[in-house]
Structures are given as structure tokens and as C-alpha cells.
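Below is one structure, written out as C-alpha cells; comments come after it.
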Amino acid sequence: MTFSVRPARTSDVPAIQKLVEPLVQRRILLGKDLVVFYEAVQEFRVAETAGGELIGCGALHVMWQDLAEVRTLAVASEWLGRGVGHALLERIEADATVLGLSRLFCLTFETAFFSRHGFEAIGEDIVAPEVFAQLALSPDEGVAEFLDLSRVKPNTLGNTRMLKQL
């Protein structure tokens, strides 16, 4: 069976949450309220079968002039290893290029997957101090995780911070 990748619609949000929930239960992804998915629907791309079944999702969240985060990349368990994650990440990278971004960040347990796609583990000091100061003003928890702020350490335990130059 084949699939395609497209921008998410508001009608996809319940299916996105349902797709993400098993990964939240396994502590692979952070849980989000339904309203958060609706607020970010324009950031999401979804993979669906020819029959309209949602089998994967991923989001591109812009953080700075040249930097965005790959968020909530999830694939239905029965579709793992069939190119769905690759297709979603490829689309997210293409969207990032269109926006003029040159770096993609992710916080992940799936280091082998992201490494195969050109991401490398990173340490600290990946943005200039003045950019760090601006990013620290963001109320977004994902930005705090990128900055490795102490208030989000419980959320990031075991995850690897990775970066790709586009």
C-alpha cells in the first residue's frame, strides 16, 4: 500500500493526537493537550494511505531566523520501517528550505534514525549569546529544551539534542 504526505488540516488533529498517544505512554514523546495540536496544525505534515488513514505526522517549528525544530515525528507502529518517517522528514526539510532556514534541531531518543538523515549530536553554545538571550524569552517549552534550561531537565532525560545543517 502506498502513502502520501500533505499539510495537516484541522480535521486531522484528533487522529494526530491518537497517533502520538502510544509514544507519550512509552515516554518517547511529550504529551500535548488537544488545543496545542490545533494551535500548531499549520506546522504539521501528515502521511496518509490512499484510503485516507493517517499513518504518520511531524511538525516544523521555527525558533529563530535560521533555526527550526522537528517536532512530534511519529509513525504508526505497523508502518515502521516502510519509509513513512523518511518521507515526513524529507518534506519537513523541504519546507524548512523554502522558509530560508539553514539548521534543524531535534530532541530525540531515535538517534539512529536522525543520524541516518544527517543529524549530529550537539552540546551547548550552538547559538550566539544574544540569540540565546532572545530565545530564553520564549514561553515555548520546546525552545527551553533546545536551550537545555534547567527547568525542563526532567523532560529531556535520556534524549539526545541533535542538529542538521541544511
Side-chain angles (χ1 to χ4, degrees), residues 5 7-48 54-64 67-81 84-93 95-96 99 101 103-124 126-127 131-132 134-164:
V5 175
R9 299 184 285 259
T10 56
S11 59
D12 296 321
V13 168
I16 290 170
Q17 188 180 46
K18 184 178 177 183
L19 182 67
V20 169
E21 189 56 32
L23 298 171
V24 171
Q25 294 302 317
R26 291 176 38 213
R27 301 179 151 258
I28 293 171
L29 292 177
L30 292 175
K32 295 179 181 165
D33 293 321
L34 199 56
V35 67
V36 175
F37 286 115
Y38 279 112
E39 289 174 341
V41 71
Q42 71 279 0
E43 297 180 356
F44 275 86
R45 299 298 176 256
V46 295
E48 70 178 348
L54 194 130
I55 57 169
C57 65
L60 175 69
H61 181 78
V62 175
M63 295 178 6
W64 197 248
L67 177 67
E69 180 181 6
V70 176
R71 289 187 173 177
T72 321
L73 188 60
V75 175
S77 60
E78 61 274 14
W79 281 85
L80 290 172
V84 176
H86 172 80
L88 285 162
L89 186 55
E90 194 172 71
R91 176 65 180 269
I92 288 168
E93 288 181 9
D95 292 344
L99 289 172
L101 300 165
R103 300 185 298 164
L104 283 181
F105 164 77
C106 69
L107 180 68
T108 186
F109 289 108
E110 301 296 332
T111 56
F113 171 83
F114 282 98
S115 291
R116 284 192 307 271
H117 291 88
F119 285 75
E120 296 178 354
I122 56 170
E124 311 220 355
I126 61 169
V127 294
V131 174
F132 184 97
Q134 286 295 309
L135 289 174
L137 298 174
S138 174
D140 187 277
E141 290 297 301
V143 173
E145 291 165 348
F146 168 74
L147 296 175
D148 206 23
L149 300 179
S150 59
R151 69 180 167 87
V152 295
K153 291 281 189 203
N155 292 342
T156 62
L157 289 175
N159 280 292
T160 299
R161 297 163 73 235
M162 301 183 82
L163 192 72
K164 178 177 183 174

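Just so it is clear, the structure is predicted and the values come from calculations on it, not from any experiment. Start at 1 with the first residue, then count along the sequence.
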Test side-chain hydrogen bond (donor to acceptor under 3.5 Å, both in side chains) on Glu21 and Gln17 and set out the steps. CA-CA 6 Å; Glu21 189 56 32; Gln17 188 180 46; 5.5 Å; no

Taking side-chain hydrogen bond (donor to acceptor under 3.5 Å, both in side chains) as the criterion, tell me which of Glu93, His117, Glu120 meets it with Lys164. Glu93

Shortest non-hydrogen contact from Ala74 to Leu29? CB-CD1, 4.2 Å

First locate atom CD1 of Ile92, then atom CD of Glu43, and finally report the distance between them rounded to the nearest 0.5 Å. 10.0 Å

Measure the spacing between CG of Leu101 and CE of Met63 and express it to the nearest 0.5 Å. 10.5 Å

Counting heavy atoms not belonging to Gln42, are there more than 12 under 6.0 Å from its CD? yes

Starting at CZ of Arg161, measure out to OG1 of Thr111 and round the result to the nearest 0.5 Å. 15.0 Å

Between Met162 and Ser115 the two heavy atoms that sit nearest each other are CE-OG, 3.4 Å

Leu88 and Cys57: which non-hydrogen atoms are nearest, and at how many Å? CD1-N, 3.4 Å

Kindly compute the distance separating CG (Leu19) from CG (Asp12), expressed to the nearest 0.5 Å. 11.0 Å

Would you say that Val20 contacts Lys32 through its side chain, given a criterion of any heavy-atom pair below 4.5 Å between the two side chains? no

How far apart are the closest heavy atoms of Tyr38 and Thr10, and which atoms are they? CE2-O, 3.4 Å

Could you check whether any side-chain heavy atom of Leu67 comes within less than 4.5 Å of a side-chain heavy atom of Leu163, counting everything from C-beta outward? yes

Of all the heavy-atom pairs spanning Val84 and Ala47, show the shortest one and how long it is. CG1-CB, 3.7 Å

Hey, could you give me the CG/CZ distance between Leu80 and Phe113, rounded to the nearest 0.5 Å? 10.0 Å

Side chain to side chain, Thr108 and Phe119, heavy atoms closer than 4.5 Å: no

In short, Val5 meets Arg45 closest at the heavy-atom pair CG1-CB, 4.1 Å

CD1 (Ile28) and CG (Leu73) are apart, to the nearest 0.5 Å, by 12.0 Å

Do Phe114 and Thr160 pass the side-chain contact (heavy atoms from CB on, under 4.5 Å) test, and can you show the C-alpha distance, the side-chain angles, and the key distance before you say yes or no? CA-CA 10 Å; Phe114 282 98; Thr160 299; over 6 Å; no

